[in-house]
Amino acid sequence: MRRSTVVAVCGHESDGGRAVRDLLDPGVSCVSGGRELFRRVRASRTRGEDVCVVPMTLGRDPELVADAARTLLGLTPEERAGTVLAEPFGTAEHLVGWLRAAATRVPEDRALLVTAPSGDPFADADLFRIARLVRQYGRHRTVEVALTGGDPDPAEGVRRCRALGAERVVLLPAAWAAPPVPDPGHCERGGPLLTAPATAGVLDARVGDAWHRHERHADDGLSRGLTAAHGHGHSHSHGPGDDGHGHAPDGHGHAPDGHGPDSHSHGPGGPGRGHVHGHGPGPGHIHGPGHAHGPDAGGRANGAPGVPASAPATPTAARTSSVSHALPPSRSLR
């Protein structure tokens, strides 16, 4: 593997990096996003070091990836020439697997309380989906969710588990940061989600893959990173006859007729049903099952499993809506 400085960029899942530092090798720089990331990468490049940036999300913070990509775009061409952005440390699917493995170490008669720091409403909602999958394919009858700094908080989560008949509750962290035990008489920690050796193994794999793509395909990961949050947020549909806007070639940029840059599904039929619509000027084209848009879509297909399609919008509503559905950004680049 190519020798380089590894920079782990961290967000709310790790309390800005404080919860993950003890799991990382001392040679790995651990920073928050924005200016701290920019300064650390620039300093390393000034010393002539190649740099690989790894977003340390476990799958619930795609904006961390997009924010890192936007930050790295601020480097000079010479600095970017030796800098790559790796794939995120984990995805939601990885997180389900890691939680299921952790759950196997918990006695069957315990209730599981899946905990994580609160993020935006969509990240919080996704934690409920993840917990449901852990219960569906596990052996524990009671699996609940608690959000540190959110609702329900860990204390409320323990009360819910107790109300459902659980004598003991195990806190199962779905993040790098674990909450304090709210009721030691009835609950206990379930241990870290990943050990230090496991964390190092995954990190090495992400770094190796990033340099492989760079050397074989001249891919620095920035284009893919910029679209990482594309499917995260409010959705809207392209109903029949909707001629309100087209799609830019770099993903899903919308013409200025009322729609923000959020993700969406395309008309009736749902996953697996091809359909025709125009993307900006020029003739329409046919989409097959689970298609992605634009050369930088990064493999994020519409109609992906686990992401329900939005209800079809009426043509009138699609043409007349002038309300932006974009959430205010959770981070500032400056």
Side-chain angles (χ1 to χ4, degrees), residues 1-33 36-37 40-41 44 49-62 64-65 68 84-108 110 112-117 127 130-131 133-134 137-140 143 148 170-181 188-215 221 225:
M1 184 173 68
R2 182 170 175 172
R3 291 183 61 84
S4 62
T5 295
V6 178
V7 178
V9 59
C10 305
H12 69 82
E13 292 167 291
S14 61
D15 192 19
R18 285 177 285 276
V20 75
R21 283 191 176 96
D22 290 344
L23 296 173
L24 300 177
D25 185 272
V28 176
S29 297
C30 188
V31 301
S32 58
E36 188 178 0
L37 171 62
R40 185 63 56 88
V41 173
S44 296
E49 301 168 357
D50 291 335
V51 179
C52 179
V53 176
V54 183
M56 295 299 289
T57 176
L58 295 173
R60 295 180 54 248
D61 193 4
L64 178 68
V65 186
V84 294
L85 178 64
E87 291 286 306
F89 183 93
T91 65
E93 288 71 28
H94 290 131
L95 183 55
V96 171
W98 290 328
L99 285 168
R100 289 180 60 196
T104 63
R105 301 190 290 270
V106 178
E108 191 173 348
R110 305 287 203 269
L112 299 180
L113 184 61
V114 178
T115 67
L127 187 61
I130 289 167
L133 292 174
V134 172
Y137 300 109
R139 56 195 177 88
H140 293 85
V143 180
T148 306
V170 174
L171 305 182
L172 206 60
W176 301 108
V181 176
E188 61 197 81
R189 292 185 187 277
L193 182 67
L194 294 170
T195 63
T199 301
V202 174
L203 192 65
D204 286 347
R206 299 293 177 265
V207 173
D209 289 346
W211 285 118
H212 176 81
R213 285 191 297 270
H214 184 265
E215 292 166 359

Ignoring hydrogens and angles, tell me if any N or O in the side chain of [X] forms a donor-acceptor pair with the backbone of [Y] under 3.5 Å.
| X | Y | answer |
| --- | --- | --- |
| Ser14 | Cys10 | no |
| Glu188 | Leu171 | no |
| Arg40 | Val31 | no |
| Arg206 | Phe89 | yes |
| Arg213 | Gly208 | no |
| Asp15 | Gly17 | no |

Considering all heavy atoms, the nearest [X]-[Y] contact:
| X | Y | answer |
| --- | --- | --- |
| Ala177 | Pro117 | CB-CG, 4.1 Å |
| Val41 | Val51 | CG2-CG1, 4.1 Å |
| Met56 | Ala8 | CG-CB, 3.5 Å |
| Val143 | Ala131 | CG1-O, 3.7 Å |
| Thr148 | Pro179 | OG1-CB, 3.5 Å |
| Arg189 | Ala178 | NH1-CB, 3.6 Å |

Measure the spacing between [atom1] of [X] and [atom2] of [Y] and express it to the nearest 0.5 Å.
| X | Y | atom1 | atom2 | answer |
| --- | --- | --- | --- | --- |
| Thr5 | Asp50 | OG1 | CG | 8.0 Å |
| Glu108 | His140 | CD | NE2 | 6.5 Å |
| Trp176 | Thr199 | CH2 | OG1 | 4.0 Å |
| Arg60 | His12 | CZ | NE2 | 5.5 Å |
| Ser29 | Arg21 | OG | CZ | 10.0 Å |
| Cys52 | Leu203 | SG | CG | 8.0 Å |

With side chains defined as the heavy atoms from C-beta onward, is the minimum distance between [X] and [Y] less than 4.5 Å?
| X | Y | result |
| --- | --- | --- |
| Leu172 | Leu113 | no |
| His94 | Leu58 | no |
| Val9 | Ser32 | no |
| Asp61 | Pro88 | no |
| Val54 | Val28 | no |
| Tyr137 | Val96 | no |
| Glu87 | Asp209 | no |
| Thr57 | Val65 | yes |

Requested in this report: Look at the aromatic rings of Trp211 and His214 and report parallel, tilted or perpendicular, splitting at 30° and 60°.
Outcome: perpendicular
